[in-house]
Amino acid sequence: MTIRLTILCENSVARPFGLLGEHGFACYLETPQGNYLFDTGQGQTLVPNARHLGKELGAIEALLISHGHYDHTGALPQVLEGCNGLDIYGHPDIFAKRYWEMEGHRRYVGIPFQREYLDALGARFHLNRELVEVGPGVYLTGEIPRRNAWEKGDSRLVADTATGETRQPDPLADDLSMVVSTPRGLLLVLGCAHAGLINIIDYVTEKFGDERIHAVVGGTHMGFSGEEQFEATLDLLDRLQIEKVGVSHCTGLPKAAQLSARLGERFFFGNVGTVLEI
Ligand SMILES: [Fe+2]
Ligand SMILES: [Fe+2]
């Protein structure tokens, strides 16, 4: 049996009929030992897209949350309503109060539910700062150390501390990625890569030793990165000879086009309905 990753929520769709796009990200992982959901999108497309693509949301072993932004957590109640209790893995900061600020406007962009509400719907939260093996060969990275000078974060994303001060940019310490062990190497799945793709790859390389990264899929946040960061990221993806790079969501078309030009056949768009089999 292969490892199969299917994108269920993304900004655009990869097939001509029946699928819906929304700003957000979610994907469905099938492994020989069970199925997992990584993120939920913002809530309008997960259920219809999963139904259309034949992915059973009630048959998952666990839900992995990349970070506490609305566009990755908005369908949490819908997922919980289809399960009889569910293990949910993430970082303790996923419930932080966070906002998007620009030109005097402030919009709430955090997780749109109270923890108590989700608990009442059957959520069993496992919130952890360390690397966790969620199931056989399926991992959530834990907190990513921020080590390089290029990946500064997005200054429009801010967060409130417990004492009511605003932190700018939001440190987004809860930005985690999923790592799946496959016969061809590691599959690295990103939510938004707020921690910086180079930081994430460095940490995964450190934690998984000699296992090479075969594929990277998901939101890269490169649409908001400076040229220095973008060039350094391109160099790294090239140098590591990652065989499949499927970008989604916060990558944006201009950066995706540059990635495609540089990576050639190794590049693909990760839209709703895109399937990667390893
Ligand atoms: Fe996002
Ligand atoms: Fe995000």
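Quick note: residue numbers are just sequence positions, from 1.
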- Kindly say whether Ser155 contributes a backbone atom to a donor-acceptor pair with the side chain of Gln168 at under 3.5 angstrom? yes
- Report yes or no: do Val275 and Val217 belong to one cluster of Ile/Leu/Val/Met/Phe/Trp/Tyr joined by side chain heavy-atom distances under 4.5 Å? no
- Look up atom CG in Leu131 and atom OH in Tyr139, then write down how far apart they are to the nearest 0.5 Å. 7.5 Å
- Is there side-chain contact between Asn271 and Ile7, with heavy atoms separated by less than 4.5 Å? no
- Message: Do Tyr36 and Ile60 land in one hydrophobic cluster if side-chain heavy atoms of ILVMFWY residues count as linked below 4.5 Å?
- Response: no
- Query: Among all residues two or more places apart in sequence or in another chain, which pass the side-chain contact (heavy atoms from CB on, under 4.5 Å) test with Val13?
  - Reply: Leu19, Val272
- Query: Just wondering, do Arg15 and Leu53 contact through their side chains at under 4.5 Å, heavy atoms?
  - Reply: yes
- For Phe268, enumerate each residue passing the ring pair (Phe, Tyr, Trp, His ring centres under 6.0 Å) test, keeping only those at least two apart in sequence or located in another chain. none
- Message: Would you say Ile94 ends up clustered with Leu140 if hydrophobic residues are merged whenever their side chains have heavy atoms under 4.5 Å apart, either directly or through other cluster members?
- Response: no
- Using a cut-off of 6.0 Å, state whether more than 12 heavy atoms not belonging to Glu206 lie near its atom CD. yes
- Item | In one Ile/Leu/Val/Met/Phe/Trp/Tyr side-chain cluster, 4.5 Å: Phe95, Val132 | no
- Message: Does anything in residues 107-128 form a salt bridge (charged side-chain N to carboxylate O under 4.0 Å, His left out)? List the pairs, not counting sequence neighbours.
- Response: Asp87-Arg124, Arg115-Asp119
- Task: Spell out, yes or no, whether Ile201 and Val245 are grouped together once hydrophobic residues are joined by side-chain heavy atoms under 4.5 Å, including indirect joins.
- Result: yes
- Message: Assess the residue pair Phe208 and Thr141 against the criterion (side chain to side chain contact (heavy atoms under 4.5 Å, CB included)); give the C-alpha distance rounded to whole Å, side-chain angles, the decisive distance to 0.1 Å, and a yes or no.
- Response: CA-CA 10 Å; Phe208 289 84; Thr141 55; 5.8 Å; no
- Item | Pairs satisfying salt bridge (charged side-chain N to carboxylate O under 4.0 Å, His left out), at least one member in residues 134-145, at least two apart | Arg129-Glu143
- side-chain contact (heavy atoms from CB on, under 4.5 Å) against Pro48, all qualifying residues, sequence neighbours excluded: Leu20
- Taking C-beta and beyond as the side chain, do Pro77 and Leu118 meet within less than 4.5 Å on heavy atoms? yes
- Item | Pairing of Arg266 and Glu243 as salt bridge, 4.0 angstrom limit | no
- Message: Whether Asp93 and Arg167 form a salt bridge (side-chain N of Lys/Arg under 4.0 Å from carboxylate O of Asp/Glu) is what I want to check.
- Response: no
- Query: How many angstroms lie between CZ in Phe267 and CG in Leu259, if you round to the nearest 0.5 Å?
  - Reply: 6.0 Å
What pairs of donor and acceptor atoms, side-chain ones from residues 227-237 against any protein atom, are under 3.5 angstrom apart with sequence neighbours left out?
{"unit_1": "Glu228", "atom_1": "OE2", "unit_2": "Trp150", "atom_2": "NE1", "d": "3.2"}
{"unit_1": "Thr233", "atom_1": "OG1", "unit_2": "Gln229", "atom_2": "O", "d": "2.6"}
{"unit_1": "Asp235", "atom_1": "OD1", "unit_2": "Arg262", "atom_2": "NH2", "d": "2.5"}

- Item | Polar contact flag, side-chain donor to acceptor under 3.5 angstrom, Thr45-Glu22 | yes
- For Thr73, the side-chain contact (heavy atoms from CB on, under 4.5 Å) test, sequence neighbours excluded, returns Ile65, Leu76, Ile111, Pro112
- Nearest non-hydrogen partners of Ser248 and Gly270, listed with the distance: OG-O, 2.7 Å
- How long is the span from the CD atom in Gln258 to the CG atom in Leu263, to the nearest 0.5 Å? 11.0 Å
- Query: Just by modelled atom types, is the His72 backbone N or O under 3.5 Å from a matching donor or acceptor in the Thr40 side chain?
  - Reply: yes
- Query: For Glu130, what residues pass the side chain to side chain donor-acceptor pair (under 3.5 Å) criterion, not counting sequence neighbours?
  - Reply: none
- Counting only N and O atoms by type, is there a donor-acceptor contact under 3.5 Å from the side chain of Asn49 to the main-chain atoms of Leu8? yes
- Rounding to 0.5 Å, atoms NE2 (His214) and CD1 (Ile278) come to a distance of 4.5 Å
- Item | Contact check, side chains of Leu37 and Leu46, non-hydrogen atoms, under 4.5 Å | yes
- Message: Taking side-chain contact (heavy atoms from CB on, under 4.5 Å) as the definition, give me every residue that meets it alongside Asn11, ordered by chain and number, with sequence neighbours left out.
- Response: His23, His249
- Does the side chain of Tyr89 come within less than 4.5 Å of Asn128's, by heavy atoms? no
- Do other residues, nucleotides or ligands put more than 12 heavy atoms under 6.0 Å from Lys244 NZ? no
- Message: Could you report the tightest heavy-atom contact between Phe38 and Ser66, atom names first, then the distance?
- Response: CZ-CB, 3.5 Å
- Task: Nearest 0.5 Å please: distance from the OG1 atom of Thr205 over to the CZ atom of Arg212.
- Result: 11.0 Å
Please report, to 0.1 Å, the donor-acceptor pairs under 3.5 Å made by any side chain of residues 176-196, with sequence neighbours excluded.
{"unit_1": "Ser181", "atom_1": "OG", "unit_2": "Glu211", "atom_2": "OE2", "d": "3.3"}
{"unit_1": "Thr182", "atom_1": "OG1", "unit_2": "Arg184", "atom_2": "N", "d": "3.1"}
{"unit_1": "Thr182", "atom_1": "OG1", "unit_2": "Gly185", "atom_2": "N", "d": "3.3"}
{"unit_1": "Thr182", "atom_1": "OG1", "unit_2": "Gly185", "atom_2": "O", "d": "2.6"}
{"unit_1": "His194", "atom_1": "NE2", "unit_2": "His67", "atom_2": "NE2", "d": "3.2"}
{"unit_1": "His194", "atom_1": "NE2", "unit_2": "His69", "atom_2": "ND1", "d": "3.3"}

- How about Arg156 and Phe224: do any of their side-chain heavy atoms sit closer than 4.5 Å? yes
- Query: Is the CD atom of Glu277 crowded by more than 12 outside heavy atoms at less than 6.0 Å?
  - Reply: yes
- Shortest non-hydrogen contact from Asp175 to Ile144? O-CG1, 3.7 Å
- Tell me, do Tyr99 and Asp160 make a side-chain contact under 4.5 Å, heavy atoms counted? yes
- Query: What residues join Met102 in its hydrophobic cluster, counting side-chain heavy atom gaps under 4.5 Å, either direct or through other members?
  - Reply: Tyr70, Trp100, Val109, Leu157, Leu172
- What are the two closest heavy atoms between Thr251 and Ala256, and how far apart are they? CG2-N, 4.0 Å
- Atom CG in Asp154, atom CD in Glu101: separation rounded to 0.5 Å? 11.5 Å
- Message: I'd like to check Ile88 versus Leu80 (side-chain heavy atoms, cut-off strictly below 4.5 Å). Are they in contact?
- Response: yes
- Message: Listing request: all salt bridge (charged side-chain N to carboxylate O under 4.0 Å, His left out) pairs with a residue in residues 33-58, at least two apart in sequence or in separate chains.
- Response: Glu30-Lys55
